[in-house]
Amino acid sequence: MSEAADPTSAPRATGATRGIRVGASPTTPSSTYLDLVAAETAIAAAAAPPITSPHDGASIEDTSAIRAAADSLQPELVELSHRIFEYAEEGFEETQSVADIAELLAEHGITAQLGAFGLDTALVAELVVGEAKPDSTEAPTVAILAEYDALPGVGHGCGHNIIAASAVGAFLSLVEASRRHELPAGRIVLYGTPAEEGGNGKEIMARAGAFDDVDAAIMIHPFGYDVTDQPFIGRRILRVRYYGVPAHASASPFQGRNALDAANLNYQATGLIRQHLYPGDRIHGVILDGGQRPNVVPEFAELEYYVRSNAAETLKELSLRLEDIANGIALATGTGVEVEWDPQPFTMPLRYNTPLSERWAVHQEARGRRVLTKASVPSHLAASTDFGNVSVRVPGIHPVIAISPPDVSLHTREFAQYATSDAASTAIADASTGLALVAADFLADSNLRAAARADFDAAGGALDVEGFFS
Ligand SMILES: [Zn+2]
Ligand SMILES: [Zn+2]
């Protein structure tokens, strides 16, 4: 054997010797696509006409009383937002955040219930205005929803501190306005809703009856754009477990059944069906367990996927296709299989209520914000929220409000930097005022209530969420 042919002594054909840069650092994804989308969106936004509403809403006297109350609350709301940002408590552990909300409510004479609907860090506060009684069918009820949970690693990279301050601000604006001025009769409830990120607190609260007596539910979310009906798609969690037969991987592999091979095929098959999914469907997964060591045929492997689709019905179809993959691969590999759906409650696609969204947009326009519809914004920016589950039970809105440049993604450290910015403070002022005014519109305007209900019914009415996928 010549020296050159000896593989142990020949120079290795590394990437470096071929002139290809290889190292521990990944490549940096290009911004080309996002840049093109941002340019298109800027053109669409500039051309978008203001959104109008055919409804009257609350009177000028009501709205000016609410605006004045909201203005006077702003320093306290920004301070609350900043404190919740600093706590950065994760889902179901938002003890300090919710205690600070209760404390601010108490300073304004409102006693909140801490712990509700089976969740320790949920909160309920109530305001009954005018002649309305809580048990009266004549009294419309609006729920204003606050979130305050943070994310591991990126803290308030989803800006839920802004959601909390805006919702509390809207509620307190109505409280303070009702003390100086006779507001339209009805009931306003403030719900503190824990664990939006991964825990689906709103679904847990809904199953415990939180929305049974609610006629409309409203909240906001910070974002890179102002949009009335930003798509939030449905999401389920799928776990697939394969059970193999362990064997010596070298001496007697033929006596084994390889769970990791089954998991690998499952991952590949899921990747291959992506070409044939509906536009907007998304599947993304990880292998949670792939065996212990190479010399033992893996006895157990487990995958976890997030499975998302634009519509509840297409999410159901996608779920069945993934079950077929899981089962088919078990047959092919001689492994056992277990398919587990929804270890946590799933999220439903968000259904927007157009008449209420229009009221939101009108009030934001009055504050100098040009609010877009989803037709003007990139369709790829689709996450999921547990407010989806509320929105298919009662008419609801979940507009997004801009606090950052459009290209900054939610769930990043960069977005977290905007969550205590001056833009965030402006958003809290606009959102607390806007949510309070939409609530007042709903109480004041029976035509708006009827239109909101008709829009909800036309979109399919109340769904049996709990039983939808079973
Ligand atoms: Zn989030
Ligand atoms: Zn969020």
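Order of listing sets the numbers, starting from 1, for every ligand and every atom in it.
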Within the 4.5 Å heavy-atom criterion, are Leu260 and Asp289 side-chain neighbours or not? no
Listing by chain and number, what protein N/O/S atoms are under 2.8 Å from the Zn ion (ligand 2)? Cys158 SG, His160 NE2, His221 NE2
Can you pull out every side-chain hydrogen bond (donor to acceptor under 3.5 Å, both in side chains) where at least one residue sits in residues 93-105? Sequence neighbours excluded, please. Arg83-Asp100, Tyr87-Asp100, Glu89-Ser97, Glu94-Thr121
Taking Asp457 first and then Arg453, would you say they form a salt bridge - that is, a charged N and a carboxylate O separated by under 4.0 Å? yes
Would the number of heavy atoms belonging to other residues, nucleotides or ligands and lying under 6.0 Å from CZ of Phe415 be above 12? yes
Check ion pair Arg179-Glu176 (N to O, under 4.0 angstrom): yes
Any heavy-atom pair between the side chains of Met205 and Thr193 that's under 4.5 Å? yes
